Amino acid sequence: MRRPGKIVCVGRNYREHAKELGNEVPTTPVVFLKPPSSVVASGEAIVLPGGVGRIDFEGEIGLVIGSTLRKATPGQAAQGVRGVVAVNDVSARDLQKSDVQWWRAKGYDTFCPMGPEKQGTPDFAGLELITRVNGSVRQRGLSKDMLFAIPDLLSFISGAMTLEPGDVVITGTPEGVGPLQAGDVVEVEVVGWSSVRSPVVADA
Ligand code: ZN
């Protein structure tokens with residue numbers, strides 16, 4: 001699949017998820033990057049690295065940027081969105097705590113399953129996310145419950161780094177994250193827009 005130029009990620013953007021991991025509710029967005037090399041398409045496997053402890057799924061709503069955004073207002077940012085993708089922000093939870101930076105915890109190969117892009121301008125407050133593991137619903141989130149609304153997030157990010165066409169911004173995960181095991185099948189769906197389905201395998 002064609003990979004984004006960059007993947008900008010927002011952490012702790014739902015109150016209940018921040019609480020379930022024992023984190024403070026942030027007053028400014030928590031932003032980090034995933035490498036393009038971590039992206040896999042729907043149907044491709046998540047490969048669990050060995051010896052790193054717990055590895056979680058995180059279902060997220062992703063926005064695909066359509067026009068260059070630099071120091072954009074929220075209104076300009078909203079107009080710069082080209083489409084929506086479903087994304088799984090796979091996270092090595094123990095490494096996220098023990099490493100100073102999240103380069104590995106969020107950056108292993110296959111740690112960014114991404115569904116096909118559906119183009120269009122969504123209702124940014126009206127998106128719904130569902131994550132299923134082995135067919136049972138584990139996360140259900142509504143974009144209206146985000147701590148920072150999507151146009152505000154894009155504006156904030158573009159104040160520091162230019163967002164370019166094809167870049168993807170993922171907007172945080174709602175409560176209900178949990179560990180993956182080899183043999184699981186995890187599916188993230190942005191209802192009406194995109195879904196990504198991933199079998200889970202252990203590293204050989
Ligand atoms: Zn995440």
Side-chain angles (χ1 to χ4, degrees), residues 1 7 9-23 25-26 29-30 32 34 38-49 52-64 81 83-94 96 105-106 108 110-118 120 122-150 153 168-202:
M1 73 182 297
I7 305 149
C9 314
V10 179
R12 300 170 195 165
N13 198 28
Y14 293 82
R15 186 176 307 274
E16 296 305 318
H17 170 64
K19 283 184 1 192
E20 78 179 341
L21 293 183
N23 293 309
V25 173
V30 175
F32 59 97
K34 284 174 95 76
S38 64
V39 174
V40 288
S42 189
E44 295 187 291
I46 296 166
V47 180
L48 302 178
V52 302
R54 174 171 160 171
I55 299 170
D56 282 1
F57 60 86
E58 293 190 356
E60 307 206 9
I61 297 165
L63 290 314
V64 184
V81 171
V84 174
V85 286
V87 177
N88 191 341
D89 175 21
V90 180
S91 302
R93 196 66 73 201
D94 296 330
Q96 197 180 357
K106 299 284 191 176
Y108 275 102
T110 77
F111 269 27
C112 193
M114 188 174 290
E117 175 186 354
K118 180 176 176 182
D123 170 4
F124 293 107
L127 292 167
E128 180 181 11
L129 173 87
I130 300 172
T131 306
R132 298 177 182 85
V133 179
N134 304 327
S136 59
V137 173
R138 302 287 293 276
Q139 292 184 290
R140 194 180 281 273
L142 300 170
S143 60
K144 71 177 177 56
D145 293 328
M146 291 178 180
L147 290 169
F148 301 99
I150 290 168
L153 288 173
V168 171
V169 176
I170 66 174
T171 53
T173 200
E175 67 178 308
V177 299
L180 291 169
Q181 295 176 21
D184 286 343
V185 176
V186 56
E187 184 182 16
V188 178
E189 177 185 9
V190 181
V191 177
W193 288 89
S194 179
S195 72
V196 59
R197 187 172 184 278
S198 314
V200 180
V201 302

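Side-chain atoms are counted along with the backbone in the values below, which use heavy atoms only and exclude waters and symmetry mates. Just so we're clear, the structure is a prediction, and the values are computed from it rather than from any experiment.
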V177 vs E20, test: side chain to side chain contact (heavy atoms under 4.5 Å, CB included). Steps then yes/no.
CA-CA 9 Å; V177 299; E20 78 179 341; 3.4 Å; yes
Give me the atom names and distance for the closest heavy-atom approach of [X] to [Y].
X	Y	answer
V201	A45	CG2-CB, 4.0 Å
L147	P26	CD1-CD, 3.9 Å
A86	S195	CB-CA, 3.7 Å
A92	V52	CB-CG2, 4.5 Å
V188	N88	CG2-CB, 3.9 Å
K144	A125	CB-O, 3.4 Å

Are more than 12 heavy atoms, taken from residues, nucleotides or ligands other than R93, located less than 6.0 Å from that residue's CZ atom?
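Yes, the 6.0 Å shell around CZ holds more than 12 heavy atoms from other groups.
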Tell me if the CZ atom of R54 is crowded by more than 12 foreign heavy atoms within 6.0 Å.
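Count over threshold, so yes.
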Side chain proximity check, [X] to [Y], heavy atoms < 4.5 angstrom:
X	Y	value
V84	K118	no
P174	L129	yes
P29	N13	no
V168	V39	no
F57	V200	no
M114	V196	no
S198	V40	no
V10	F148	no

Tell me if a side-chain donor or acceptor on [X] pairs with a main-chain N or O of [Y] at a distance below 3.5 Å.
X	Y	answer
T110	V47	yes
E16	E175	no
T131	Q139	no
S91	D89	yes
E60	G172	yes
K34	K106	yes

Given the rule in the side chain to side chain contact (heavy atoms under 4.5 Å, CB included) test, do E189 and R132 qualify, once you have shown the distances and angles that lead to the verdict?
CA-CA 8 Å; E189 177 185 9; R132 298 177 182 85; 3.0 Å; yes
From [atom1] ([X]) to [atom2] ([Y]), nearest 0.5 Å:
X	Y	atom1	atom2	result
H17	N23	NE2	CG	7.0 Å
F32	Q96	CZ	CD	7.0 Å
L63	E117	CG	CD	10.0 Å
L21	D56	CG	CG	7.5 Å

May I have the step-by-step check of side chain to side chain contact (heavy atoms under 4.5 Å, CB included) for F111 and I55, ending in yes or no?
CA-CA 10 Å; F111 269 27; I55 299 170; 3.9 Å; yes
Check step by step if side chain to side chain contact (heavy atoms under 4.5 Å, CB included) holds for I46 and L180.
CA-CA 9 Å; I46 296 166; L180 291 169; 4.2 Å; yes
